[in-house]
Protein chains: 2
Amino acid sequence: MIKLTSAEENYLKAVYHLSEEGKKNVSTNDISAEMKTKPASVSDMLRKLSDKKVIDYRKYYGVNITDEGKKYALQVIRKHRLWEVFLVEKLRFAWDEVHEVAEELEHIKSPILIQRLDEFLGHPKFDPHGDPIPDEFGDVKARPRLPLNVLALNDGGQIVAVKDSSAAFLRYLDKVGAYIGARVKVLDKVEFDGSLEILVDNKKTLFMSKDVAENILVLQQ
Amino acid sequence: MIKLTSAEENYLKAVYHLSEEGKKNVSTNDISAEMKTKPASVSDMLRKLSDKKVIDYRKYYGVNITDEGKKYALQVIRKHRLWEVFLVEKLRFAWDEVHEVAEELEHIKSPILIQRLDEFLGHPKFDPHGDPIPDEFGDVKARPRLPLNVLALNDGGQIVAVKDSSAAFLRYLDKVGAYIGARVKVLDKVEFDGSLEILVDNKKTLFMSKDVAENILVLQQ
DNA sequence: ATATTTTTTTAGTATTGCCTAAACAATATT
DNA sequence: AATATTGTTTAGGCAATACTAAAAAAATAT
Ligand SMILES: [Mn+2]
Ligand SMILES: [Mn+2]
Ligand SMILES: [Mn+2]
Ligand SMILES: [Mn+2]
């Protein structure tokens, strides 16, 4: 049972997320961009994570997370998402206010704490952004989900998650009335710029850029 | 509005607590004992806290917390105690299990978080160990409280707090059935070693050493 | 195939927070 | 008053995490 510092956990999470996006041999620059640190700092950290065997690292070739590393990453992600649920459900935070705080809370070290929190929240399966919460063994219930912009004309579905969890994006969604659980249908797709006209909950129509649509994930129905 | 690191907050809290125990010019060795770090490390830290003007520090003469410092210390203490209440009331932690975790949680930086937590908990006035929770302005509702061993023979009172919050002591209290809120009466005081015979809740009699009694705080009635 | 650009690593530095060993100051003892 | 003891600070060092600048490797363009 190795010990990871908070910084190591953050980097490992970044490697995990980048790997999940399909990337093999995650690059130093990608991690640097994700972590908002300089590539030189990433190189330092990769050596440390490699020593602890949570990543496979060959200089100049990028890194891959190990099975052991995945386990640790998933536990941090589990904590992050459970705390987000707590903040929204119990402390009435808005979904755009939780990320920063959860980024700190996820590093609190106490197995009993997270087990009890999970219980207290009623074993939630998804966080406020629609992301699945890994269970205590690291198992994730993945839902099939597609970016809204790939739906065909007249296709319908339900918003189940957002890809971008930035406050700016989430507040925009709040403003236009797009929320997780909303039913959507593609009324029009503009070929020129990929923008869309969407029917929300069979009531309201909404125009959105391709940029926005790419970050809304739907379960096709 | 200065920024304090977690380590600085912990040291400042230690200075605050030692000051509250009546001590003027808190000594490096006392802080070292409280913090379980070496005196040399304390000297380093005192210079930093002094630079930030949260303590008054004259080499070799000990330190005193400033009014500004008191404000910061009280906010950390407020967070610590609110989290302890959360852990006990909401997550069913035992009162001997909360200290370590609260010691980490108290450093999470988010004004809204602590305000909402306070609300969620119903603005509690005391933590699970009977210690008062400072309000958002740092005001503390102090209750008059005495160590159980100073009560005279046949005097009665109610347990309102414990001085020692170590797991060992709290588990001992659990075992013998002494809890916050219990009514107590001094049935006998042994002159030889200061040990006591106590009647708890008009039901059970309890023998305890002076050491134990000193750490049980009562509201005399 | 060579030159240029991009990516990555290394070298050297800073800060925080801890340590040990040694020096220094204050206090107590003879 | 001199010496011993105790308490405190300084000096120097280490680990973690970040940085900048320079070097090296890999990828791309000519
Ligand atoms: Mn984090
Ligand atoms: Mn989330
Ligand atoms: Mn603490
Ligand atoms: Mn407490």
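All chains are named by letter (A, B, ...) in the order of the sequence lines, taking the proteins before the strands, and each is independently numbered beginning at 1.
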Rounded distance in Å - [atom1] ([X]) to [atom2] ([N]):
X: B/K3; N: C/dT15; atom1: NZ; atom2: P; answer: 18 Å
X: B/L4; N: C/dT16; atom1: CG; atom2: P; answer: 12 Å
X: B/M45; N: C/dT16; atom1: CE; atom2: P; answer: 10 Å
X: A/L46; N: C/dT9; atom1: CG; atom2: C1'; answer: 11 Å
X: B/Y61; N: D/dG7; atom1: OH; atom2: P; answer: 16 Å
X: B/K59; N: C/dA25; atom1: NZ; atom2: C1'; answer: 12 Å
X: B/Y60; N: D/dT6; atom1: OH; atom2: C1'; answer: 12 Å
X: B/K23; N: D/dG7; atom1: NZ; atom2: P; answer: 13 Å

For this session: Between D/dT8, C/dC18, C/dT9, spot the one nearest the side chain of B/S27, thanks.
Result: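 It is D/dT8.
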Problem set entry | Heavy-atom closest contact (B/R143 atom, B/V160 atom, distance) |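 In this case the closest contact between B/R143 and B/V160 is NH2-O, 3.1 Å.
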Exercise. In Å and rounded to the nearest 0.5 Å, what is the CG to CG distance from A/L113 to A/L105?
Worked result: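 Output value for this atom pair is 9.0 Å.
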What nucleic acid atoms does [X] come within less than 4.0 Å of, heavy atoms only: base, sugar-phosphate, or nothing?
X: A/S43; answer: base
X: A/T28; answer: sugar-phosphate
X: A/T37; answer: sugar-phosphate

For this session: Applying side chain to side chain contact (heavy atoms under 4.5 Å, CB included), run through A/K71 and A/V54 and close with a yes or a no.
Result: CA-CA 9 Å; A/K71 265 180 37 190; A/V54 289; over 6 Å; no
May I ask you to verify if any side-chain N or O of [X] is less than 4.0 angstrom from the OP1 or OP2 atom of [N]?
X: A/Y11; N: D/dA18; value: yes
X: B/K38; N: D/dT8; value: no
X: A/N29; N: C/dT6; value: no
X: B/Y57; N: D/dT9; value: yes

Problem set entry | Ionic contact status for B/D44 with B/K38, cut-off 4.0 Å |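 Between B/D44 and B/K38 there is no salt bridge, as every charged N stays at least 4.0 Å from the carboxylate O atoms.
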Exercise. Is the closest basic N to carboxylate O distance between A/K13 and A/E34 below 4.0 Å?
Worked result: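 No, no charged N to carboxylate O under 4.0 Å.
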Problem set entry | Chi angles and distances behind the side chain to side chain contact (heavy atoms under 4.5 Å, CB included) call for B/V63, B/Y57 | CA-CA 5 Å; B/V63 299; B/Y57 175 43; 3.3 Å; yes
Between protein and nucleic acid, restricted to nucleotides 11-16 of chain D and to nitrogen or oxygen atoms under 3.5 Å apart, what atom pairs and distances do you find?
none

Problem set entry | Passing option when A/H80 is tested against A/E106, A/E9, A/Q75 for side-chain hydrogen bond (donor to acceptor under 3.5 Å, both in side chains) |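 Only one option passes, and that is A/E106.
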